Amino acid sequence: MNWVDRLGEGLARGVAHNVSRRSLLSSVSRILVGSAFIMPVLPISRIAHAEEGGGAAAPANGGDPTNCEYWRHCALDGFQCSCCGGTLNSCPAGSEASPISWVGTCHNPHENKNYVVAYHDCCGKTACGRCYCGNQVDERPGYEFFRHNDVDWCMANRSAVYHCTVSLIVGPAT
Ligand code: ABN
């Protein structure tokens, strides 16, 4: 791997000799801003349009919703709020939902249809510790940061303390 190190060092030195810090920062920030338009790199807030807001038709349920195998938990990484004083789609009293979420596409075997499901963390109370699910449908390892679901989505809340996670149906996946 020495040649990789030498190549990297050569490139870094070349850039350092030929490009000023200000113009490097300006180019990098232009690339970052530009790429955000092409590729949606941040989690998206859909909570206003999800199940609680009545946006999606409630799909047929069935099965035990506190079981990690329950279909709508297919990409859930966290403690299920329904075991923590909340429900499948509402946070326990004293906690508040994160506006950003991880989104998965889960198969409802009772209807044989796929649904987009948003996993919102409930924040502001210490970790619930019950009914943990570590499901990984469509998840990628941590080094593929934007496709990794082991993230505290409370980071944008008044309190970043994670309590549990709800699984909201956003709508049918078309
Ligand atoms: N989204 C659940 C979670 C919270 C904190 C840390 C890892 C995962």
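The structure presented is a predicted model; accordingly, all values stated were derived computationally and were not measured. Each ligand, and each atom within it, is numbered from 1 in the order the structure gives. Scope of the values below: all heavy atoms of this structure, side chains included, with no hydrogens, waters or symmetry mates.
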Exercise for review: Of the side chain and backbone of D121, name the one, both, or neither that has a heavy atom under 4.0 Å from an atom of ligand 1.
Suggested key: side chain
Exercise for review: Using only the SG atoms, establish whether C83 and C164 come within less than 2.5 Å of one another.
Suggested key: no
Exercise for review: Check the angle between the aromatic planes of F79 and Y132 and answer parallel, tilted or perpendicular using the 30° and 60° thresholds.
Suggested key: perpendicular
Review point. Does the SG-to-SG distance between C122 and C81 fall under 2.5 Å?
Key: no
Check your understanding: Starting from atom 2 (C) of ligand 1, which protein heavy atom do you reach first, and at what distance in Å?
Key -> D77 O, 3.0 Å
Practice item. Counting heavy atoms only, name the option from V161, V151, T165 that's nearest to atom 1 (N) of ligand 1. Key: V151
Check your understanding: How about C128 and C84, are their SG atoms within less than 2.5 Å of each other?
Key -> yes
Check your understanding: In ligand 1, which numbered atoms sit nearer than 4.0 Å to a non-hydrogen atom of W153?
Key -> 1 (N)
Study note, to complete from the structure: Closest to atom 7 (C) of ligand 1 among protein heavy atoms sits D150 OD1, 3.0 Å
Check your understanding: When you measure from the side chain of H163 to the backbone N and O of G124, does any donor-acceptor pair fall under 3.5 Å?
Key -> no
